[in-house]
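This report refers to the structure that appears directly beneath it.
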Amino acid sequence: MEEIITSIHIHSVYSDGLKTPPQIAKEAAKYRVDVIMMTDHNVFPTGFNGYYNADGRRVLLMTGEEIHDKNRQPQKNHMLALGIKQDLSPAAHDPQKLIDAIRSDGGLSFIAHAYDPELPIIDEADLSWVDWQVRNFTGLEIWNNLSELKIRVTNNLQVVLFALFPQLMALEPPAQIRAIWDRMLNEGQHTYAIGGVDAHTFHFDFGPIKLEVFPYAYHFCSIHTHILL
Ligand SMILES: [Zn+2]
Ligand SMILES: [Zn+2]
């Protein structure tokens with residue numbers, strides 16, 4: 001049996017990430033990751049799929065997309081589209097149409113950060129999934145680094161603590177999302193679960209002090225989805 005270690009749900013400069021897809025792939029190759037799945041917001045950059053080498057290891061980069069309706073207020077319903085061949089964001093206004101479009105394109109659809117409460121301390125809105133009447137999606141992202149942060153943090157001190165010591169994060173999939181998965185399975189919905197990192201990397205300049213918070217390297221050492229072939 002072959003075990004493929006994947007890092008799913010990664011943002012690059014094409015949306016709100018800090019590095020280019022090749023830079024991110026070469027970074028991933030330094031860690032025990034075999035495949036990275038890029039998912040920029042409502043954009044599908046082409047020409048980057050393939051193998052990248054660094055430090056004697058190689059990593060396969062696959063481009064997907066994270067799609068949401070930019071006109072919806074408040075913002076909700078982020079969908080990961082993996083294995084697609086084209087930009088499917090034009091279907092974002094209707095979650096069921098989007099799921100069907102991903103399936104028609106040969107891709108897999110995963111509801112991203114299904115429970116994702118607001119965290120006003122860092123100006124983060126509630127980005128949970130709300131349209132639960134949808135059907136025929138592939139599965140749920142039951143674990144997401146940013147959602148875990150938003151669920152666990154209760155004060156400013158914790159934000160600073162987790163930013164400086166991200167190894168204190170990524171403990172387990174949040175109970176609220178596991179409960180959603182349980183409900184679906186009990187209702188007979190065949191719903192697969194994956195873990196996603198939601199990697200962005202944030203850059204802060206405090207005069208001479210430059211700080212990269214939640215760097216890509218951290219994400220490649222945190223939540224993995226293992227594929228057994
Ligand atoms: Zn998202
Ligand atoms: Zn994301």
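Each ligand, and each atom within it, is numbered from 1 in the order the structure gives.
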Tyr31/Tyr218 aromatic ring centres below 6.0 Å: no

Can you check side chain to side chain contact (heavy atoms under 4.5 Å, CB included) on Tyr216 and Lys19, steps first, answer last? CA-CA 9 Å; Tyr216 289 101; Lys19 295 186 178 177; 3.9 Å; yes

What N/O/S atom of His11 gets nearest to the Zn ion (ligand 2)? NE2

Taking the six-membered ring of Trp132 as reference, does the NZ or CZ atom of Arg183 fall below 6.0 Å from its centre and within a 45° cone about the axis? yes

Flag the pair His9 / Glu141 as yes when at least one side-chain heavy-atom distance between them is below 4.5 Å, and no otherwise. yes

Indicate yes or no: at least one non-hydrogen side-chain atom of Leu18 is less than 4.5 angstrom from one of Phe202. no

When you check the space around the Zn ion (ligand 1), which protein N, O or S atoms turn up under 2.8 Å? Glu66 OE2, His78 ND1, His113 NE2

Heavy-atom count around Tyr192 OH within 6.0 Å, excluding the residue itself: above 12? no

